[in-house]
Amino acid sequence: MNKSALYKLSYGLYVITSRKEGRFNGQIANTVFQVTSDPPTLAVSINKSNYTFECISSCRQFVVSILAETAPMPMIGTFGFKCGRNFDKLDGIAVRTGITGLPIVIDHCAAFIEAEVTHEFDCGTHTIFLGRILDAGILDPAAEPMTYAYYHKVKGGKAPKSAPTYQAPAPQPPGPAAQAPRYVCSVCGYVYDPALGDPEGKINPGTSFAELPADWVCPVCGAGKDRFTPEG
Ligand code: FE
């Protein structure tokens with residue numbers, strides 16, 4: 001079986017918000033799709049180990065905020081790679097309250113959909129929640145929704161191990177001996193390549209990992225330099 005065929009499936013990138021015991025949480029999901037138009041219904045696949053799973057299981061409602069291409073990597077990293085059990089991922093994020101009482105993310109989002117759970121399907125590591133759509137709206141008519149392909153190709157994004165579409169990375173072939181070593185983020189899998197630098201972090205190409213400032217953080221998940229290890 002050639003699992004790379006699965007990479008040819010198309011997805012978007014979404015912030016899923018929900019609530020447990022009066023506390024809000026959000027996470028990134030790429031597996032959101034409309035199931036029926038009458039009644040308007042959509043589905044989302046959530047890892048059972050994620051805090052958002054507990055939230056949706058508890059409050060039976062969720063909001064899908066559709067990320068735009070302008071969404072910066074640290075924002076995606078916060079929602080996608082940090083755990084909301086002990087961390088308020090919505091702190092500093094612009095939201096408005098939907099009719100469910102849940103937060104709709106309005107920063108760098110094109111549109112939103114609010115839903116209440118009607119069915120759920122146990123899929124082993126994940127649960128698919130089916131939701132009847134209660135409300136939906138456009139947040140930014142000019143915003144282009146971010147596709148999962150855009151996230152990977154243009155933004156250099158990675159999938160966390162908890163994502164339904166995660167695949168272990170293939171080992172990198174050794175580069176020329178003269179190249180400075182690449183470093184891998186132990187939290188999200190982002191690879192710092194000195195040949196590329198970190199354009200979003202204003203780090204020029206040719207900057208070795210050792211030369212990065214002490215306060216430099218992973219552009220995907222926000223982890224510090226101490227969470228990086230040499231590749232290989
Ligand atoms: Fe990272």
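These numbers come from a predicted model, not from an experiment. Heavy atoms only: backbone and side chains are in, while hydrogens, waters and symmetry mates are out.
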Practice task
Could you walk me through whether Y190 and V184 pass the side chain to side chain contact (heavy atoms under 4.5 Å, CB included) test, one step at a time?
Solution key: CA-CA 6 Å; Y190 166 84; V184 183; over 6 Å; no
Exercise for the section: Identify whether NZ of Lys or CZ of Arg in K20 sits under 6.0 Å from the centre of the six-membered ring of Y51 and within 45° of that ring's axis. Expected result: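 Judged by the rule, K20 and Y51 form no cation-pi pair.
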Practice task
Determine, for R85 against E54, whether the closest basic-nitrogen to carboxylate-oxygen distance falls under 4.0 angstrom.
Solution key: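 Answer for the salt bridge query: yes.
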Handout entry: K48/D122 salt bridge by N-O under 4.0 Å criterion
Key = yes
Distance check, rounded to the nearest 0.5 Å: [X] atom [atom1] versus [Y] atom [atom2]?
X: I76; Y: F81; atom1: CD1; atom2: CZ; answer: 9.0 Å
X: C59; Y: R23; atom1: SG; atom2: CZ; answer: 13.5 Å
X: F129; Y: T52; atom1: CZ; atom2: OG1; answer: 9.5 Å
X: C123; Y: N47; atom1: SG; atom2: CG; answer: 11.5 Å
X: T78; Y: L90; atom1: OG1; atom2: CG; answer: 10.0 Å
X: T147; Y: K153; atom1: OG1; atom2: NZ; answer: 8.0 Å

Practice task
Could you walk me through whether I66 and F112 pass the side chain to side chain contact (heavy atoms under 4.5 Å, CB included) test, one step at a time?
Solution key: CA-CA 6 Å; I66 301 172; F112 72 93; over 6 Å; no
Exercise for the section: Give the C-alpha distance, both sets of side-chain angles, the deciding distance and a yes or no for side chain to side chain contact (heavy atoms under 4.5 Å, CB included) between R19 and Q61. Expected result: CA-CA 8 Å; R19 169 182 52 209; Q61 292 177 323; 3.7 Å; yes
Handout entry: Under 3.5 Å side-chain donor-acceptor pair for H126 and S45
Key =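 Looking only at side-chain atoms, S45 and H126 do not form any donor-acceptor pair under 3.5 Å.
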Exercise for the section: Assess the side chains of T100 and E114: does a donor N or O sit below 3.5 Å from an acceptor N or O? Expected result: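 Yes, a side-chain donor-acceptor pair sits under 3.5 Å.
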Can [Y] be reached from [X] by stepping across I, L, V, M, F, W or Y side chains whose heavy atoms are under 4.5 Å apart?
X: F24; Y: I28; answer: yes
X: V15; Y: M146; answer: yes
X: V191; Y: Y151; answer: no
X: I106; Y: V63; answer: yes
X: L130; Y: L42; answer: no

Does the side chain of [Y] come within less than 4.5 Å of [X]'s, by heavy atoms?
X: V44; Y: V64; result: no
X: D135; Y: I113; result: no
X: L6; Y: T165; result: no
X: D107; Y: M75; result: yes
X: C218; Y: F228; result: yes
X: T207; Y: P194; result: no
X: E120; Y: I128; result: no
X: N25; Y: K89; result: yes

Handout entry: Within the 6.0 Å centroid threshold, strictly below: Y192 and Y183
Key =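 No.
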Give the minimum heavy-atom separation between [X] and [Y], together with the two atoms involved.
X: K225; Y: L212; value: NZ-O, 2.8 Å
X: T17; Y: G26; value: CG2-CA, 3.9 Å
X: V105; Y: S65; value: N-OG, 3.0 Å
X: T31; Y: P164; value: OG1-CG, 3.4 Å
X: V35; Y: A43; value: CG2-CB, 3.7 Å
X: P213; Y: I203; value: CD-CD1, 3.8 Å

Problem - Flag if over 12 foreign heavy atoms under 6.0 Å of CZ, R60 - result: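 Count over threshold, so yes.
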Handout entry: NE2 (H152) with more than 12 external heavy atoms under 6.0 Å
Key = yes
Problem - Of V32, V117, I46, the residue whose pairing with F62 passes side-chain contact (heavy atoms from CB on, under 4.5 Å) - result: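 Among the candidates, only V117 passes.
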Exercise for the section: Ignoring hydrogens and angles, tell me if any N or O in the side chain of K82 forms a donor-acceptor pair with the backbone of F87 under 3.5 Å. Expected result: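 It does not hold such a pair.
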Handout entry: Donor-acceptor contact below 3.5 Å, side chain N50 vs main chain F53
Key = no
Exercise for the section: Test Y7 against Y148 for side chain to side chain contact (heavy atoms under 4.5 Å, CB included), laying out the working first. Expected result: CA-CA 10 Å; Y7 283 142; Y148 207 45; over 6 Å; no
